[in-house]
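Here the structure is laid out as structure tokens; the discussion comes afterwards.
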Amino acid sequence: MKKKLSIILVTLISIVTYAQNTAQYLDNKISLNERVEDALNRMTLEEKVALCHAQSRFSAPGVPRLGISELWMLDGPFGVRQESVWDDWISARQTNDSCIAFPALTCLAATWNPQLASNYGKALGEEFNYRNKNIALGPGINICRTPLNGRNFEYMGEDPYLTSVMCVPYIQGVQKSGVAACVKHYALNNQETNRDFVNVNVSQRALHEIYLPAFKAAVYDGKVWSIMGSYNKYEGQHCCENDYLLNKILKEQWGFDGVVISDWGGTYNTYEAAENGLDLEMGTFANDVKPFTKGIYGKFYLSDPYLKALRDGKVTMEKLNDKVRRLLLLTFRTAMNRNKPFGSFNTPEHLETARQIGEEGIVLLKNENALLPLNLEHLKNIAVIGDNATRTMSDGGGSSGLKVHQEITPLEGLQNKLGGKVNIFYAKGYSEKDDQANKLMIEALEVAKKSDIILFFGGLNKFYHQECEGADRDSYGLPFGQDKLIAELLKVNKNIVFLNISGSAVAMPWANQVPSILQAWYLGSETGNALANILTGDVNPSGKLPISFPYKIEDCGAHSFDKMCYPGDSLNVFYKEDILVGYRWYDTKNIPVQFCFGHGLSYTTFTFGKPIINSNEISSNDTLNISVPIRNNGGREGSEVVQLYIRDLKSTVLRPNKELKSFTKVLLKSGEEKLVSFKIVKEDLQFFDEKSMQFKVEKGAFEASIGSSSIDIRQKIKFNYK
Ligand code: BGC
């Protein structure tokens, strides 16, 4: 009895002092770190371990006894996913969780507009906050190594610099709402084939120059609060429990103070998870864990087996305390953040943000015969052809799929905008079912014959083996007989505008014959409205490709070697193209592409004047200033993305012909000129030296190329690094 009373007393005192401390914290008298230490010291071993693993499909339990909140999370990255049942992925069938879908991240990257990335993050954070979620599972920032990766649409393209610049404001925007962004998938998750076990063999140089920089920027500049490990292996160890990636690089070198979350089911071993840097185990396929069975969360690797290993002295308390500190800090930054604003959901402002990003991300790849913008004074009949004109895209593709409040399809967007002014005839044209191909083609040809222009909405979709989590694409070509259909359509009407809806490059063997081509990505809720505004010219296109479009898949670096380079066997994949990923490969190897990285046209044109440079030499502490006058010499207002690429002209190691190091998007009225300025510093000239395991610059001549794309270079400047 006496013992019981004293336990009650100690607990009461503990709760009272904890409450007092909380009150002081609320008055900002106690720092976050003191608060973390205070809470940590009050926790039992069991409570600490409980913090390190899931309590449901998308939540972790907090410490109920101390009033420390649960952590709730959801995908991400394009909107707040629907609620699922406690133990499983399946829908909870709620009626209040239909969200706004923002454009997929390839589209965001294609805007080359960091302000829009900030707006995206802010709107998304507000939506997560309204739904009481503490962690948004995104953005995805893996580099596009091959157009065949089924999840390319979730990422920001093939360039580490562009991805870094675009992910930072997104993260900061989300976190303004007291919602943690969770960058994923760390690291080297560049294919879905064998994603659960393939061991990625990559040089240290490619790792540090290509695959890690965006994660580093997320940590250094974005100050991201959480990061998700990837399913694949690196150096034979799963990335969710990888000592080198998590402990050595992320936590020790980069000083990351946030939480490492496993990908769902990406944990395999209690010892490695405990010691190698994982903090929170979410989802598991371990130990026969089946949804809806009792005690499943006790079976997680960082649950009962972890408690046992701690008690047996097999793993260290030090690492446990490190995890708990991080998890507490995350909780205080998010769920228990007293400065957190109110959230908002499905607002007109968020919809507007989604539409603007879509409009700025659409890329005009080709525009011959001035087919675009649509000449509404002369057009009477418009044929809209293609399955993707009527298909909603936000709900597929795996974990990023969304239950949307609305999604305006391309056809609806055009009907809303042009209805009553022109006749719109729709034909599906193609389908997944071969037996319908002939009938659909005949219908499409009928419609094409009686129309002045054809708007063909093709590309991929979000099904398995198209663009979807869990599998890569089967082939680089367009599916469902689209090439054949285009060839037939060209015979009856050459005025074709092809709108490619996809997150990846596709083969376009007919590109020479089709006068206008646009890259239209997955644009989310406002798809049809954004597309209609671009097609009619109400918005002038200004997107630029964040990926290259090779002519054929064999041209791509990852496909230029044997099968071990892609997709590998079930055990290993070898990144033999090394640092030459994306345009770095095509450009350095002189391989022509259909559309190059950075390419994108406008309804107006721009000229680049002679650059002004402050010096022809730079040393380690200097900054080189380059300014270029850009003029809009066309007939209407528009934006140009001025891109700066660097080349080391003489080097002891292989350097790419061009590497993007800076860009600016500039809005110019017709006839207007502005000076666009760039700064070049030592870091822009360096490569990763495998001998010293550090970034290094070699003395000598460098070249800065300034242009409208990675190929369309308008000005070049040579300078020396001394
Ligand atoms: C995906 C993650 C996602 C998680 C939770 C995994 O299958 O790889 O990107 O966040 O599921 O849905």
Side-chain angles (χ1 to χ4, degrees), residues 53-60 71-92 97 99 104-106 124 128 131 133-143 149-156 167 170-171 174 179-198 200 214-215 218 224-233 238-241 259-268 278-286 289 291 300 394-403 462 464 467-472 503:
H53 59 86
Q55 63 161 0
S56 77
R57 180 64 52 166
F58 283 112
S59 72
L71 281 174
W72 281 86
M73 55 206 92
L74 264 188
D75 295 286
F78 322 136
V80 197
R81 191 177 177 171
Q82 67 178 317
E83 302 293 333
S84 58
V85 297
W86 191 262
D87 281 345
D88 207 354
W89 306 107
I90 51 179
S91 165
D97 58 351
C99 68
L105 294 192
T106 34
L124 192 73
F128 269 80
R131 290 269 299 275
K133 304 301 168 199
N134 313 117
I135 306 172
L137 302 175
I141 56 172
N142 294 100
I143 293 294
N149 178 11
R151 292 187 88 171
N152 279 338
F153 68 99
E154 291 191 54
Y155 306 139
M156 299 197 193
C167 80
Y170 175 116
I171 293 164
V174 169
V179 171
C182 181
V183 286
K184 62 191 188 181
H185 308 90
Y186 183 71
L188 299 165
N189 186 185
N190 309 105
Q191 65 186 58
E192 290 297 282
T193 307
N194 300 331
R195 71 169 181 179
D196 292 329
F197 40 83
V198 72
V200 177
F215 289 101
V224 72
W225 292 337
S226 66
I227 192 164
M228 189 188 295
S230 60
Y231 283 132
N232 51 283
K233 292 179 183 168
H238 277 282
C239 291
C240 291
E241 43 197 41
V259 167
V260 176
I261 302 177
S262 74
D263 200 343
W264 273 235
T267 313
Y268 290 85
L278 179 66
D279 300 310
L280 175 58
E281 183 188 5
M282 293 301 300
T284 191
F285 307 124
V289 172
F300 276 44
S394 300
D395 50 354
S399 61
S400 63
L402 297 169
K403 180 171 126 190
K462 298 278 206 68
Y464 206 59
E467 287 195 301
C468 183
E469 183 176 343
D472 286 345

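The basis for the numbers below is simple: all heavy atoms, side chains too, and nothing from hydrogens, waters or symmetry mates. In each ligand, atom 1 is the first atom listed, and ligand 1 is the first ligand listed. Just so we're clear, the structure is a prediction, and the values are computed from it rather than from any experiment.
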For this session: Answer with yes or no after comparing the ring centroid distance for Trp72 and Phe128 against a 6.0 Å cut-off, counting only values under it.
Result: no
Exercise. How long is the span from the SG atom in Cys99 to the CG atom in Leu402, to the nearest 0.5 Å?
Worked result: 4.5 Å
Seminar exercise, completed: Of all heavy-atom pairs linking Tyr170 and Pro77, the shortest is OH-O, 2.7 Å
Problem set entry | Rounded distance [0.5 Å steps], OG in Ser226 versus CG in Leu137 | 7.5 Å
Seminar exercise, completed: Output for ligand 1, non-hydrogen cut-off under 4.0 Å, lists Phe58, Asp75, Arg81, Trp89, Leu137, Arg151, Lys184, His185, Arg195, Met228, Tyr231, Asp263, Trp264, Ser399, Glu469
For this session: Using side-chain hydrogen bond (donor to acceptor under 3.5 Å, both in side chains) as the criterion, point out the one residue from Arg81, Gln82, Lys403 that pairs with Asp97.
Result: Lys403
Exercise. Which atom pair, heavy atoms only, marks the closest approach of Ser399 to Arg151?
Worked result: OG-NH2, 3.2 Å
